[in-house]
Protein chains: 2
Amino acid sequence: MHIQIERSEVEHLALFGSLDTAGLDEIVGAATGRRYRASDTVFEQGEQATHFFVLVRGRLRVTQVTSEGQQIIIRMVNPGDLFGIAKALATLDYPGTATAVAESCALCWPMQMWTGLLERHPSLAIQAMQTMGSRLLEAQLRVRELSTEEVERRVAHAVLRLANQSGRKEPGGVRIDFPISKQDIAEMTGTTLHTVSRILTAWEGAGLVEGGRQKLLVRDPHGLVMVADGLRPCLL
Amino acid sequence: MHIQIERSEVEHLALFGSLDTAGLDEIVGAATGRRYRASDTVFEQGEQATHFFVLVRGRLRVTQVTSEGQQIIIRMVNPGDLFGIAKALATLDYPGTATAVAESCALCWPMQMWTGLLERHPSLAIQAMQTMGSRLLEAQLRVRELSTEEVERRVAHAVLRLANQSGRKEPGGVRIDFPISKQDIAEMTGTTLHTVSRILTAWEGAGLVEGGRQKLLVRDPHGLVMVADGLRPCLL
DNA sequence: CGGATTGTTGAGGATACTCAAGTTAGGTGG
DNA sequence: CCACCTAACTTGAGTATCCTCAACAATCCG
């Protein structure tokens, strides 16, 4: 689980962008490297928040479970992203569960260092603030989608977001580069796996995507954008 | 529109909680006071963000309009809240429109001062961060509600939130202390004013609330909590 | 006293959920 | 390598929720 992480692997991350060498050394030096295999959990909802993290490699899924036991996916964590920053949310517990969906590496720091590191490295504080800001905007975007759009468009938006954040170009389209189930997509869009399945088969018929067991290839991103924008619905 | 705001009116705000006298003087001294009448707009979605604000008195509504023209209410702004902090969101424009729903007073600063003020007053930076954090958590809560709950429960949650943030105890219940229409509630919960109307009449029958044109009185908060929790549905 | 805004209520229908059954793909162990 | 088992997925039928459309009533304002 514990591993060595090379400085060279993290110095290019946007989060550390405008740090000088000494600052980077201090920050990375204080961190511990950790490795997670697919389906390992990094921390769990409600657990006391002992550490905060930066994802170096791989992909995580952050979920929440409602009091009735329904699960939703809050977001996917991509390399370079801060996560588990409970202090910034003024919370003592992790508000969600983070699970690796692919082999992943992260740097982690004890939560007590949060305030000190931010104070000593203003550029880090600014980055952290911007992280929070973009997450807030994203959450508001999702609220807007859930409030005003029908399921097919919401799914289209979710798939496009996945393709942008975690897509790898390959001949014939953009491949989502980690295993993703219809259930996952349902939990990202507030619908059921049944409806997602029906929508994806329809899209497949229209040549927009190509599915498979925990696989997804976007063949026609532009066409998908049209679906997301409400032109060209693909269901009857 | 421009008014004088007394130091005594703002020094108790949580935002300025742990500032020393000199700091408070500097910050409040740099601010301009503004007054808004009900239905005045403070700033508009897409406009260049020239100032950031703290609400001193009154109540604002922050809305967004989708590309299709549908409006949703992002949040209500209560006294003591920061708003219009586009810099924190790494945006140059205001992402929403802020409108006074009651006679309101705000302090405002030119946006260029954002970074400087935060740097010189770390306690302010911490407060700003916590503001962002609680807003992010709230947005995620709303995503969860929209994803998993049916309309009646969402409306119950929204009304309870209003009662907690903007409610005034009065004999017979908790009064929402600004004019609020069914359309407003619909835009907070992702439904239509028709459905809200039906729900509120049902609740009125059950003795949970008392409505009226732009009026709302919560008679039985505990009963409403049960509705919000999914026990005791009031619609057939 | 109009006129406008806000709210009420009914009927009909669409979207998407639930329930149910069956299929496919992949991993595991013999 | 094949048989088996499970998790993921597909598809159909029936239906509930909630939206749309429409007409009307109440309230507020000048």
Side-chain angles (χ1 to χ4, degrees), chain A residues 37-39 61 68-73 99 101 145-156 158-159 176 178-205 209-217 227 230 233-236, chain B residues 37-39 61 68-73 99 101 145-156 158-159 176 178-205 209-217 227 230 233-236:
Chain A
R37 300 179 176 286
S39 91
R61 181 181 44 193
E68 273 104 28
Q70 277 196 81
Q71 183 171 281
I72 70 164
I73 296 182
T99 312
V101 293
E145 287 178 8
L146 284 162
S147 301
T148 64
E149 292 174 5
E150 302 193 331
V151 172
E152 188 180 13
R153 296 182 58 185
R154 299 206 305 264
V155 174
V159 169
I176 308 303
F178 59 85
I180 181 153
S181 67
K182 321 272 150 163
Q183 178 71 40
D184 289 334
I185 298 179
E187 287 172 9
M188 293 191 290
T189 51
T191 181
T192 62
L193 80 161
H194 308 279
T195 301
V196 172
S197 176
R198 286 183 236 270
I199 288 174
L200 289 190
T201 4
W203 288 357
E204 216 152 338
V209 302
E210 223 172 274
R213 189 196 176 82
Q214 306 211 21
K215 281 183 195 7
L216 188 53
L217 175 74
V227 175
C234 290
L235 297 178
L236 320 183
Chain B
R37 301 180 175 285
S39 91
R61 180 182 45 194
E68 274 105 25
Q70 277 196 79
Q71 182 170 282
I72 69 163
I73 295 183
T99 313
V101 294
E145 287 178 8
L146 284 162
S147 300
T148 65
E149 292 175 6
E150 303 193 333
V151 173
E152 188 181 10
R153 296 182 57 186
R154 299 206 305 265
V155 174
V159 169
I176 309 302
F178 58 85
I180 182 154
S181 67
K182 321 271 148 155
Q183 178 71 40
D184 289 333
I185 297 180
E187 287 172 9
M188 294 191 290
T189 51
T191 181
T192 61
L193 81 161
H194 308 279
T195 301
V196 171
S197 176
R198 286 183 236 272
I199 289 174
L200 290 190
T201 1
W203 287 356
E204 217 152 336
V209 300
E210 224 173 274
R213 188 194 176 84
Q214 305 212 13
K215 284 186 194 4
L216 189 52
L217 174 74
V227 176
C234 291
L235 297 177
L236 321 183

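Throughout, protein chains are lettered first and strands after them, A, B, ... in sequence-line order, and every chain is numbered starting at 1.
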- Message: Is there a side-chain contact between B/K182 and the phosphate of C/dT8, meaning an N or O under 4.0 Å from OP1 or OP2?
- Response: yes
For D/dT11, does OP1 or OP2 lie under 4.0 Å from any side-chain N or O of A/T201?
-> yes
Walking DNA chain D from its 5' end, the first of A/R213 and A/T195 to be reached, judged by nearest nucleotide, is A/R213
(Q) Before you tell me yes or no, could you show the steps for A/V151 and A/R154 under side chain to side chain contact (heavy atoms under 4.5 Å, CB included), namely the whole-Å CA-CA distance, both residues' side-chain angles and the distance that decides it to 0.1 Å? (A) CA-CA 5 Å; A/V151 172; A/R154 299 206 305 264; 3.7 Å; yes
A/E68 atom CD is separated from C/dT18 atom P, nearest whole Å, by 13 Å
Atom CD1 of A/I180 and atom C1' of D/dA7 are separated, to the nearest Å, by 16 Å
> Do the charged groups of B/E68 and A/R153 touch, with an N to O distance under 4.0 Å?
Replying inline: yes
Rounded to whole Å, NE2 of B/H194 lies from P of C/dG10 at a distance of 14 Å
Whole-Å distance, B/D184 CG to C/dT6 P, equals 9 Å
A/V101/A/D184 under side chain to side chain contact (heavy atoms under 4.5 Å, CB included): CA gap, chis, key distance, verdict
CA-CA 11 Å; A/V101 293; A/D184 289 334; 5.9 Å; no
Whole-Å distance, A/Q214 CD to C/dG26 P, equals 10 Å
Requested in this report: Give a yes/no answer on whether the side chain of A/S197 brings an N or O atom under 4.0 Å of OP1 or OP2 in D/dA8.
Outcome: no
From CD1 of A/I199 across to P of D/dC9 the rounded distance in Å is 15 Å
DNA chain D nearest-nucleotide lookup for B/E149 and A/L200: closer to the 5′ end is A/L200
Whether A/T192 contacts C/dC17 is assessed here as follows: a side-chain N or O lying under 4.0 Å from the phosphate OP1 or OP2. Is that the case?
yes
Checklist entry - Is there a side-chain polar atom (N or O) of A/S181 under 4.0 Å from OP1 or OP2 of D/dA8? => result no
Whole-Å distance, B/E152 CD to D/dA16 P, equals 17 Å
- Polar side-chain contact B/R198-C/dT8 base: donor and acceptor under 3.5 Å: no
Note to self: Before you tell me yes or no, could you show the steps for A/L216 and A/I185 under side chain to side chain contact (heavy atoms under 4.5 Å, CB included), namely the whole-Å CA-CA distance, both residues' side-chain angles and the distance that decides it to 0.1 Å?
What the structure shows: CA-CA 11 Å; A/L216 188 53; A/I185 298 179; 4.0 Å; yes
Residues B/V209 and B/E204: closest non-hydrogen pair is O-CG, 3.4 Å
When rounded to whole Å, the CD to P distance for the pair B/E187 and D/dC19 reads 13 Å
